[in-house]
Visitor: 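Below is one structure. I have some questions about it.
Treat the numbers as computed from the prediction; the structure is a model and nothing was measured. Numbering of ligands and ligand atoms starts at 1, following listing order.
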Amino acid sequence: MQDLNRKPIYVTQPSLPPLSEYVTILEGAWERGILTHNGPLVQQLEKDLNSYLNTKNLAAVTSGTIALQLAIRALNLEGEIITTPFTWIATASAIMWEKCKPVFVDVQPDTFNIDPKKIEEKITDRTSAILPVHVFSNPCDIEAIQKIADKHALKVIYDAAHAMCVNYKGKSILEYGDITATSFHATKIFQSGEGGACITKDNELYKRIRRLRFFGHDEQKEIVDEGMNGKMTEIHAALGLASLKWIDDVLRDRREKYELYMSLLGKSDFIQFQNFQADSYNYSYLPVLFEDENQVIAVSNKLNKHNIYPRRYFRPALNTVKAIAGYESFPVAEDLASKILCLPLFYTLKKEDIEYICDLIINYKK
Ligand code: T4K
């Protein structure tokens with residue numbers, strides 16, 4: 001019997017601030033008539049995010065994808081960029097859009113992140129950088145990756161699209177590597193509808209990213225560099241500012257819901273979880289691994305019948321996508337892609353919904 005009277009439960013929903021708070025911030029933009037071009041709300045958002053995250057140089061841009069492209073361009077990367085096949089398409093497509101070649105390295109089965117032990121065998125004289133992803137906000141093995149990068153004179157760009165508000169060894173995870181790119185997409189833990197940012201400790205690189213996102217203009221609007229349009233608008237910055245006020249509440253809520261899922265699903269003998277460090281995690285996703293693909297399909301079908309829509313992030317593993325590269329086997333990434341399911345986790349999800357979802361999963365055969 002389909003449970004279609006029930007409101008659909010999607011994998012996520014944006015964490016929305018009260019509309020009145022967003023409107024109040026927008027009123028300022030209406031009075032000023034300034035909607036874009038590094039307006040006061042974008043400047044305020046960058047300042048407030050730097051202060052909240054304890055970062056120095058955060059440049060807001062239009063999306064996480066554009067943040068990755070700007071990072072690649074700002075570092076003048078060419079040739080091959082080593083990355084993971086277990087990620088969203090944007091990681092690889094940003095590399096290709098910048099006319100570089102993504103070279104995949106398999107991931108670790110427990111953390112889901114790039115396996116540093118397998119990186120060196122993929123380095124050639126054409127390699128210019130390593131671009132790892134903190135998958136579902138779980139920090140990569142940053143020390144091992146940096147050691148390899150230093151040894152081979154490679155740049156490091158972190159794709160931290162999932163990893164806002166994560167600290168690693170006493171500082172924001174966004175401060176590692178040459179540049180980190182993050183996303184403020186509607187489905188992310190901190191959101192401005194669409195949006196993202198590049199973060200770097202290097203002041204010159206920071207200035208370059210700001211020029212590149214604004215047609216190559218300097219502060220005086222002279223054209224001094226190549227450039228594109230990667231500017232965040234005041235409308236998006238206003239939503240970011242309104243969201244930022246609520247971020248601690250959102251993080252606490254996620255953690256509680258994650259723990260509820262863990263306590264209910266932890267009892268099952270056919271579900272495994274990602275191995276993460278609890279103090280460096282933002283609970284932005286709820287990935288679980290089933291025994292095999294058939295089980296994932298059976299569980300998904302069961303949930304769909306009850307109007308619940310989890311997602312198979314990240315399937316397919318990107319090494320199997322013809323449009324990206326010639327196929328090369330990466331058994332761990334392919335295995336994860338076949339067994340993973342991301343369960344619903346968002347601010348307005350009720351605890352009773354989680355109990356209902358876990359009950360359906362545990363009894364999926366009934
Ligand atoms: N690197 C990594 C590792 C990434 O995961 C991503 C993006 C990027 C880079 C690039 O960042 P951006 O350029 O996107 O800033 C989503 C997001 O579009 C994408 O941002 C995200 N990763 C990816 C993992 O997931 P879909 O295809 O799942 O979106 P959609 O429309 O199916 O949404 C999922 C569910 O969310 C829906 O069932 C309903 C709900 N939803 C969605 C939207 C857009 C809402 O309730 N409201 C909304 O406005 O891609």
Visitor: With the threshold set at 4.0 Å, does a side-chain nitrogen-carboxylate oxygen contact exist between K351 and E355?
Guide: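 Looking at E355 together with K351, the answer is no, because their closest N to O distance does not fall below 4.0 Å.
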Visitor: Just to verify, what does W30 make a side chain to side chain contact (heavy atoms under 4.5 Å, CB included) with, not counting sequence neighbours?
Guide: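 For W30 the side chain to side chain contact (heavy atoms under 4.5 Å, CB included) partners, ignoring immediate neighbours, are L26, I235.
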Visitor: For residues 149-158, which residue pairs pass the salt bridge (charged side-chain N to carboxylate O under 4.0 Å, His left out) check, not counting sequence neighbours?
Guide: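 Non-adjacent pairs meeting salt bridge (charged side-chain N to carboxylate O under 4.0 Å, His left out): E120-K151.
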Visitor: Go through H162 and F314 one step at a time and tell me if the ring-ring contact (aromatic ring centres under 6.0 Å, His included) criterion holds.
Guide: CA-CA 13 Å; H162 311 162; F314 296 107; 5.7 Å; yes
Visitor: Need the list: ligand 1 N/O atoms against protein N/O atoms, distance under 3.5 Å, rounded to one decimal.
Guide:
residue  : atom   : partner : partner atom : Å
ligand 1 : 1 (N)  : D159    : OD1          : 3.2
ligand 1 : 1 (N)  : D159    : OD2          : 2.7
ligand 1 : 5 (O)  : H162    : NE2          : 2.8
ligand 1 : 13 (O) : G64     : N            : 3.4
ligand 1 : 13 (O) : T65     : N            : 2.9
ligand 1 : 13 (O) : T65     : OG1          : 2.6
ligand 1 : 15 (O) : G64     : N            : 2.8
ligand 1 : 15 (O) : S183    : OG           : 2.7
ligand 1 : 18 (O) : H185    : NE2          : 3.4
ligand 1 : 20 (O) : H185    : ND1          : 3.4
ligand 1 : 20 (O) : K188    : NZ           : 2.8
ligand 1 : 22 (N) : K188    : NZ           : 3.0
ligand 1 : 27 (O) : R311    : NH2          : 3.2
ligand 1 : 28 (O) : R311    : NH1          : 3.3
ligand 1 : 28 (O) : R311    : NH2          : 3.1
ligand 1 : 28 (O) : Y313    : OH           : 2.3
ligand 1 : 32 (O) : R311    : NH1          : 2.7
ligand 1 : 36 (O) : T12     : O            : 3.4
ligand 1 : 46 (O) : Q13     : NE2          : 2.6

Visitor: How would you list all residue pairs meeting salt bridge (charged side-chain N to carboxylate O under 4.0 Å, His left out) that involve residues 158-179, not counting sequence neighbours?
Guide: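 Of all non-adjacent pairs touching residues 158-179, those that pass salt bridge (charged side-chain N to carboxylate O under 4.0 Å, His left out) are E143-K169.
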Visitor: I would like to know whether Y168 and Y158 meet ring-ring contact (aromatic ring centres under 6.0 Å, His included); could you show each step before the answer?
Guide: CA-CA 13 Å; Y168 180 76; Y158 280 107; 9.2 Å; no
